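Just below is one structure, and these are the notes that go with it.
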Amino acid sequence: MFRIVKKRELAENVDEFIIEAPLIAQKAKPGQFVIIRVSAKGERIPLTIADKDPEAGTITLMVQRVGKSTYHLSCFDEGNSIRDVVGPLGKPTHIENWGHVVAVGGGLGLAPIHHIAQGVKEVGNELTVIMGFRRKELIFWEDRMELLADRVIVTTNDGSYGMKGLVTDALKNLLDSGTKIDMVICAGPVPMMKAVADLTRNYGVPTVASLNPIMVDGTGMCGACRVTVGGEVKFACVDGPEFDAHQVDFDELMNRLRMFREKEEEAMREFQRKHCGCYRG
Amino acid sequence: MAKREIIKERVLVPERKPEERVKDFKEVKLGYTPQLAMEEAKRCLQCPHSPCVKACPVNVPIPQFIKLIEEGKFVEAARKIKEENILPSVCGRVCPQEIQCEGACVVGKVGDPVAIGALEAFAGDHEASVGYEKIVITEKRNRKVAIVGSGPAGIACAADLIKMGYEVTIFEALHEPGGVLVYGIPEFRLPNEIVERELSFLKEMGAKIELNFIVGKTKTVYELLEEFDAVFIGSGAGLPYMLNIEGLNLNGVYSANEFLTRVLLMGAYRFPEMDTPVFTGKRLAVIGGGNTAMDVARTALRLKEVEEVMVIYRRSKEEMPARVEEVRHAEEEGVIFKTLTNPVRFLGENGWIKGIECVKMELGEPDESGRRKPIPIPGSEFVLEVDSVVMAIGQGPNPVVVDGVKEIKRGKKGEIIVDPETLMTDLPGVFAGGDVIRGGSTVIVAMGDGRKAAKGIHEYLSRKQ
Ligand SMILES: Cc1cc2nc3c(=O)[nH]c(=O)nc-3n(C[C@H](O)[C@H](O)[C@H](O)COP(=O)(O)OP(=O)(O)OC[C@H]3O[C@@H](n4cnc5c(N)ncnc54)[C@H](O)[C@@H]3O)c2cc1C
Ligand SMILES: Cc1cc2nc3c(=O)[nH]c(=O)nc-3n(C[C@H](O)[C@H](O)[C@H](O)COP(=O)(O)OP(=O)(O)OC[C@H]3O[C@@H](n4cnc5c(N)ncnc54)[C@H](O)[C@@H]3O)c2cc1C
Ligand code: SF4
Ligand code: SF4
Ligand code: FES
């Protein structure tokens with residue numbers, strides 16, 4: 001059992017959990033994730049290790065409520081325990097001193113971006129973070145990014161905060177302004193990552209994307225997480241989750257993410273029927 | 001002993017009717033009653049040379065235990081088996097007896113071989129029902145061994161080491177222990193409670209089991225070596241092979257591992273009570289002809305949504321590597337066999353699988369494995385309409401456990417290379433056995449490896465004093 005040390009709501013529908021997991025906290029590197037199971041009947045779901053504190057023996061997870069498991073998790077409070085947490089999984093981010101790195105995160109993509117940004121700064125890169133949200137109420141962790149990065153650009157689709165537009169608009173401005181960019185790392189919704197990849201491809205800037213396919217075991221055992229990269233089939237949980245964004249078949253990833261859509265909706269309806277009001281939804 | 005008359009026909013093990021059993025996941029075989037078991041035991045000729053014993057990978061003292069059953073000494077019979085095989089209830093159910101013990105049985109030359117497996121399962125179940133013998137550990141050694149993986153290899157290795165007085169901790173990657181016994185072999189063949197019962201006995205004997213612990217990730221083999229005096233790797237063969245054909249990543253295309261893990265380990269057959277879903281549609285095809293393929297097919301038949309299940313296999317039924325009983329059960333339950341058929345590509349529509357283009361095959365000359373090689377018949381392509389497909393074409397060892405451990409050598413299929421006598425790898429103190437050194441085998445062979453490694457570990461640590 002893994003105790004929740006701290007929990008708070010970061011933004012609309014997004015919770016931050018600090019969880020006691022000493023072994024994982026010691027090992028976790030940027031880019032890695034855990035798989036959790038909320039209860040004995042629960043599904044195994046992957047969540048990025050957004051931060052860690054090896055001394056305290058804790059890891060930080062950021063969770064967006066999108067369906068049954070994530071809503072169920074949001075019912076948990078400080079002092080409660082999560083049944084299963086396993087990790088750290090996936091390959092750590094490949095980090096070098098490239099020069100100027102631009103990290104682009106959309107919504108929950110900020111979980112990987114935060115940990116990766118820490119790693120990128122540690123080896124001496126200059127770092128720009130572009131973080132995008134639909135609107136002001138959804139923004140979180142701007143303060144943390146400010147502490148880490150040399151420059152932070154916030155975009156909102158409706159212009160209610162920061163720059164109006166998409167992360168790709170901000171990235172394009174940067175690219176066009178003649179600023180030298182040596183590496184782009186992106187994480188977030190698949191259409192966003194696809195748009196980033198399409199943009200940087202034109203500018204010839206190397207780009208890495210942190211992919212989020214459906215997973216089960218997270219150890220290379222089942223193949224549920226397979227993605228096509230450069231025409232080859234890869235298992236994102238062991239070969240990734242980060243890949244050369246210019247080589248990823250994003251359309252296929254998007255399609256595979258809807259494989260269980262009908263069932264997920266059914267599970268959510270069941271959940272709402274049984275747990276009226278114990279979560280904030 | 002007076003010469004016995006050969007009774008050609010075996011006492012059949014009562015089974016549930018196909019139309020009834022396909023509705024649930026409860027065990028298909030009901031098992032012998034004491035009377036039936038004693039009657040079947042009478043068929044054993046107590047052969048002095050006992051070819052059956054030689055054909056059992058761990059040399060279970062077969063005539064001896066059968067004699068005890070005949071005499072009504074069921075508990076003693078189970079303990080006799082346990083001298084060589086600690087999981088009689090498991091092996092009696094899942095061993096491919098027809099090519100092992102029963103395949104060599106003398107009675108089999110003129111009639112049905114003695115039902116060694118069923119008798120073994122009976123003895124094991126009987127002993128469990130009256131309670132296991134308490135194992136007294138006489139000598140404590142104060143030395144610690146780490147076991148990676150809680151499948152049959154790990155269980156057998158742990159049990160022997162504990163009996164020898166070692167402190168044993170089992171590290172398991174998944175949230176439940178048991179390996180393929182729980183996430184692969186379905187409950188209608190091997191009820192989970194049998195595996196749970198064995199694992200709780202192991203814990204009573206003193207084994208610690210750490211779940212959610214991936215060796216190679218949570219801690220490395222090197223780190224385990226700092227804390228433990230020796231390590232046994234029994235991490236199995238958890239890397240699915242996939243057909244690299246067009247349409248592989250369409251929705252509705254699964255590996256057997258994913259399908260079985262979702263339905264059995266995660267309980268998708270009880271969705272939405274259980275959270276994990278599985279998508280099948282009405283028509284599901286399984287590709288392959290082994291035990292795994294039969295398990296997938298029969299598991300699929302038991303899902304509410306599924307109306308039709310096909311097994312696609314490129315050779316003929318005679319060449320199928322699955323246990324004969326499994327093929328029979330699958331047929332009785334209504335699985336359709338499309339043999340001498342090979343998939344060429346998966347056809348999709350809007351990202352979902354809709355059909356499999358197949359080609360008809362014929363059998364040519366025998367290949368290296370001695371089986372006749374299937375050859376495609378040109379122009380015989382046709383399309384099978386399906387809503388989902390599961391590939392059960394084999395698996396290899398998962399590399400995670402030894403990732404970055406240079407000293408441990410691996411073969412072509414990724415199997416860990418060990419000394420055949422001691423099962424030690426090239427990294428002193430680290431041993432391996434089961435599917436991880438073989439790429440895939442059987443429960444009993446994996447258990448045999450576990451025991452051999454326990455011996456190897458004991459000798460190694462005794463020398464190291
Ligand atoms: C490597 C990785 C890291 C991730 N990190 C985070 C994170 O830090 N924070 C966060 O909020 N989310 C993260 N996700 C996504 C998160 O796993 C899904 O949102 C979650 O599984 C949804 O489960 P649910 O039951 O709440 O919703 P459901 O209703 O089951 O699903 C909603 C949608 O989530 C996706 N999904 C469903 N099941 C899975 C699964 N088992 N694995 C992956 N995706 C699934 C599907 O697209 C689905 O349509 C990550 C995913 C991956 C692969
Ligand atoms: C569907 C199916 C049906 C089968 N039917 C039969 C049958 O009828 N009869 C028969 O004799 N054989 C059968 N087999 C084969 C048999 O199950 C295997 O040969 C046997 O289970 C191998 O045992 P093992 O202990 O080596 O590995 P496994 O049973 O695979 O156990 C390995 C364990 O190690 C864990 N693990 C893996 N990596 C790590 C890690 N890095 N850290 C920690 N833990 C790890 C795994 O999660 C797993 O629990 C079948 C196999 C399958 C897949
Ligand atoms: S362990 Fe398996 S092969 Fe050996 S006697 Fe028992 S059933 Fe037969
Ligand atoms: S070969 Fe058959 S008859 Fe002979 S001892 Fe073995 S089980 Fe009995
Ligand atoms: S999640 Fe099973 S192989 Fe990646």
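Throughout, protein chains are lettered first and strands after them, A, B, ... in sequence-line order, and every chain is numbered starting at 1. All figures in this text were calculated on a predicted structure; none of them were measured in a lab.
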Problem - From SG (Cys222(A)) to CG (Leu265(B)), nearest 0.5 Å - result: 11.0 Å

Practice task
List the atom of Glu258(B), the atom of Gly223(A), and the distance in Å for their closest heavy-atom pair.
Solution key: OE1-C, 4.3 Å

Completion exercise
dist Leu248(B):CG -> Thr228(A):OG1 (nearest 0.5 Å) comes out at 7.5 Å

Exercise for the section: Verify, without hydrogens or angle tests, whether Arg256(A) (side chain) and Asn251(B) (backbone) share a donor-acceptor contact under 3.5 angstrom. Expected result: no

Handout entry: Lys263(A) side chain vs Thr276(B) backbone, donor-acceptor pair below 3.5 Å
Key = no

Handout entry: Within-4.5 Å side-chain heavy-atom neighbours: Leu211(B) and Asp84(A)
Key = no

Practice task
Indicate yes or no for a side-chain donor-acceptor contact from Asn257(B) to the backbone of Met221(A) under 3.5 Å, with no hydrogens or angles considered.
Solution key: yes

Handout entry: Toward chain A, the part of Phe271(B) with a non-hydrogen atom under 4.5 Å
Key = side chain

Handout entry: Side chain proximity check, Val400(B) to Val238(A), heavy atoms < 4.5 angstrom
Key = yes

Exercise for the section: Please round to the nearest 0.5 Å and tell me the distance separating atom CG of Leu23(A) and atom CD of Glu223(B). Expected result: 9.0 Å

Practice task
Any chance you could measure Tyr183(B), atom OH, to Asp217(A), atom CG, to the nearest 0.5 Å?
Solution key: 8.5 Å

Problem - Asn244(B) side, atom CG; Glu232(A) side, atom CD - distance, nearest 0.5 Å - result: 9.0 Å

Exercise for the section: State whether the side chain of Thr218(B) and the backbone N or O of Gly87(A) hold a donor-acceptor pair below 3.5 Å, judged by distance alone. Expected result: yes

Practice task
Against chain A, label Gln395(B) side chain, backbone, both or neither, depending on which of its atoms sit under 4.5 Å from a heavy atom there.
Solution key: neither

Fill in the blank from the handout: Separation between CE (Met259(A)) and OH (Tyr254(B)), nearest 0.5 Å, reads 3.5 Å

Handout entry: Which portion of Leu250(B) sits near chain A, non-hydrogen atoms under 4.5 angstrom
Key = backbone

Practice task
Would you check if Phe260(A) and Arg262(B) make a side-chain contact, meaning some heavy-atom pair closer than 4.5 Å?
Solution key: yes

Practice task
Check whether any side-chain heavy atom of Arg258(A) sits under 4.5 Å from a side-chain heavy atom of Trp352(B), and report yes or no.
Solution key: yes

Problem - Interface residue of largest heavy-atom contact number with chain A, from Met266(B), Lys219(B), Glu176(B), under 4.5 Å - result: Met266(B)

Problem - Side-chain heavy atoms of Leu174(B) within contact of Arg44(A), under 4.5 Å - result: yes

Handout entry: Contact origin within Val278(B) toward chain A - heavy atom pairs under 4.5 Å
Key = backbone

Handout entry: Partner chain B: residue of Arg226(A), Gln26(A), Gln32(A), Lys27(A) with the largest heavy-atom pair count (under 4.5 Å)
Key = Arg226(A)

Problem - Residues Asp275(B), Lys41(A): salt bridge by 4.0 Å N-O rule - result: no

Fill in the blank from the handout: Honestly, the part of Asn398(B) sitting under 4.5 Å from a heavy atom of chain A is side chain

Handout entry: Main-chain N/O of Gly351(B) paired with Asn255(A) side-chain donor or acceptor, under 3.5 Å
Key = yes

